[in-house]
Amino acid sequence: MATVVLRGMDLAQRYEGRGKSVVNALRGVSLELGEGATLGIVGESGCGKSTLARLLVGLERPSAGSAEMSGESTSSLDGRTRARRIQLVFQDPYSSLDPRQRVRAALREVLTFHHLHSGAEDQRIDELLDMVALGRRFANRYPHELSGGQAQRVAIARALAVEPTIVVLDEPTSALDVSVRAEIINLLIGIQARITISYIFISHDLSMVRHVSDTIAVMYLGRIVESGSYDQVLDAPLHPYTVALAQAVPVPDPTVVRPHRVTPVLTATGPTTRGCDYQDRCPLVEPHCRDVAPSLDDVGSNHRVACHVAKRRTTIE
Amino acid sequence: MTEILLSLRGLVVGLRHGHDVSPIVRGVNLDVAPGERVGVVGESGSGKTLTMLSVLRLLPSPPLEILDGEILFAGENLASASERRLREVRGAEIAMVYQDPMTSLNPLLHVGYQVAEALKAHGASTIQARETTRDALRQVGLSDPERVERSYPHELSGGMIQRVMIAMALAASPRLLIADEPTTALDVTIQQQILDLVLDIQTTTSMAVLWVTHDLGVVARLVDRVVVMYAGRVVEDAPTRELFRHPSHPYTAALLASLPGTQHSHRSLLHQIGGNPPDPTRLDGGCPFRPRCPFAIDQCAHEEPPLLPRGESRAACWREPDSWLP
């Protein structure tokens, strides 16, 4: 196992609204990211993927749990040090770039803030633009003069400017045209082949996640319900939710005959007070599931699943 | 000749700036038969949304206007129809669902009121409208329709609002549903539910569907025929199976090749098209895909190809697919 660069332990986030309304966006998530590796995170909207991203990069403090980066507790790191180690790239590149700032200024700002390459910023900016295959002529452009794909490259260059250990990519290709997605994915894969960098790739596009990730975690209502290597989780899913998710993805092949409606009505309900969170949507539900919430356990070769039925099928219970 | 429900004939949409008008939808021909599901695929800026908006004459004008062409719906030319006639058609005979659901509802009115209002506008009584609304909301998988009816749009999630919009569109039993990337912002599980719903409705009615998407997976699952647009024109029109098995235009082939699939080894580089789509206001007369096309020949620089028959498909490419397909 490669060195672990990021470890999250029982991370939880709870938002309190007016009155008694409380949203438990994240309920005890533990994860591990290896050096130079990619962890994919999938799940429906509201499952806590983006909350997790925000906690990891330090935009929010977890209400419980802790995280370590390269062995150091993140709570002991100040914002600037943390930003040097972990960066975030958002879904919409235009809203993450200042419309009044040219590309060069946007990149220079990062270098100046972190006192990097003082006196040689321009050279470094050129290098960064080369790294994301944009070319130096883009340095003088404003965000509105860039296509979606180009703007996303600038956002990636800005994240790389601090030479981070980890980049969290929150739906980095979802706002882009299909033809541009491949370019961004190739760019990310290419960068990882040249420098040591770890990615957390958050997306609802399962085929993209499968393509780029070493390991994958499936989230449901603020918890990880299944995790393992990409092929374990997506090619041989154990949790009925992962199965439903994988089957719901339309395959670009009209000859694939899909079993019509194998999953029940998929309206996400809130977390249940008792038993498994997935019990109301689950085709495999048993009386036991209504009483006891399943824990996330290893069923062999680091393939973890939180489902009583799946665990029994793989004969661990 | 089979019956045609919607037929676009040489549709040209122009963008006016000052005294200049540049065509950005440049002669689109498109037929939809009753009960047929047609997918429209293309990059942003390819003119697919403008074409769809033109059908109901909903283009923001100025600066956009229909410069030429016919929009024949059940034989009637909507391009020259009166505003009054268009109001009868919109929602009742042709319903449209847009990509961004949050901007489609009035934030100050209850959702139930807005769905019922649309039905009443087309002649339903208050009681009928209320019942139809509730059924329609249930049909799209909203588990608690009474609560949804009483909610304001901001109290619902994007996925729920989009389902409300689809419920609203389907409630009036239109003959044609135009859906512009309606599931793009939704989770795959909800998307599946909506695709199943549309397929279900089609088994009992002859509603035709024009589904704009950039998701080739949705195309494969939902539609019978695919129209691929590029730079304001249709560049390929093919039965779905044919399109995936034997794409006839290099652009279609490149789009298909760019998708990660089981044929790609893990973390291998994906096929990328390279270059950028052209600015439709600055075309030079040749094939607009030429600068990005690995198979371009001299003729492509001089003459823009029309849609040519290619087996069961039609494609706007001078070259026979056999001469460039691997």
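Sequence lines set the chain letters: A, B, ... in the order given, protein chains first and strands last, and positions in each chain run from 1. This one's a predicted model, so the numbers in the text were calculated from it and none came from an experiment.
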message = For A:S207, which atoms come within 4.5 Å of any heavy atom of chain B: side chain, backbone, both, or neither?
response = both

note = Correct closest heavy-atom pair for B:A220 and A:V251 would be CB-O, 3.3 Å

note = Counting heavy-atom pairs under 4.5 Å with chain B, the top scorer among A:T255, A:L206, A:D214, A:D231 is A:D214

query = Which distance, rounded to the nearest 0.5 Å, do you find between the CG of B:L256 and the CG of A:D253?
reply = 10.0 Å

ask   = Taking every heavy-atom pair that is under 4.5 Å apart, which of B:G274, B:S258, B:S44, B:A254 has the most such pairs with chain A?
value = B:S44

task = Could you pull out the closest heavy-atom pair between A:Q247 and B:R221, with the gap in Å?
result = O-NH2, 3.3 Å

message = Would you compute the distance between atom OG of A:S179 and atom CG of B:N276 and round it to the nearest 0.5 angstrom?
response = 8.5 Å

query = Side chain of A:D177, backbone of B:E43: donor and acceptor closer than 3.5 Å?
reply = no

Euclidean distance, B:L269 CG relative to A:L187 CG, rounded to 0.5 Å = 10.5 Å

message = Quick check on A:S174 against chain B: is it the side chain, the backbone, both or neither that has a heavy atom closer than 4.5 Å?
response = neither

key: Toward chain B, the part of A:N186 with a non-hydrogen atom under 4.5 Å   = both

B:R282 atom CZ, over 12 foreign heavy atoms within 6.0 Å = no

request  = Below 4.5 Å from any heavy atom of chain B, which atoms of A:V178 appear? Answer side chain, backbone, both or neither.
outcome  = both

query = Hey, are the side chains of B:S268 and A:H211 touching, using non-hydrogen atoms and a 4.5 Å cut-off?
reply = yes

note = On a heavy-atom basis, the closest approach of A:M208 and B:P260 is SD-CG, 3.8 Å

inquiry  = Does any part of the side chain of B:Q191, heavy atoms only, come nearer than 4.5 Å to the side chain of A:H204, both counted from C-beta?
reply    = no

query = What heavy-atom pair brings B:Q272 and A:E183 nearest, and what distance separates the two atoms?
reply = OE1-CA, 3.4 Å

ask   = What part of B:V219 gets closer than 4.5 Å to chain A, counting heavy atoms only: side chain, backbone, both or neither?
value = neither

task = Heavy atoms only: give me the nearest B:V188-A:A248 pair and the separation to one decimal.
result = O-CB, 3.6 Å

inquiry  = Tell me the closest heavy-atom pair linking A:I189 and B:R267, and the distance in Å.
reply    = CG2-O, 3.4 Å

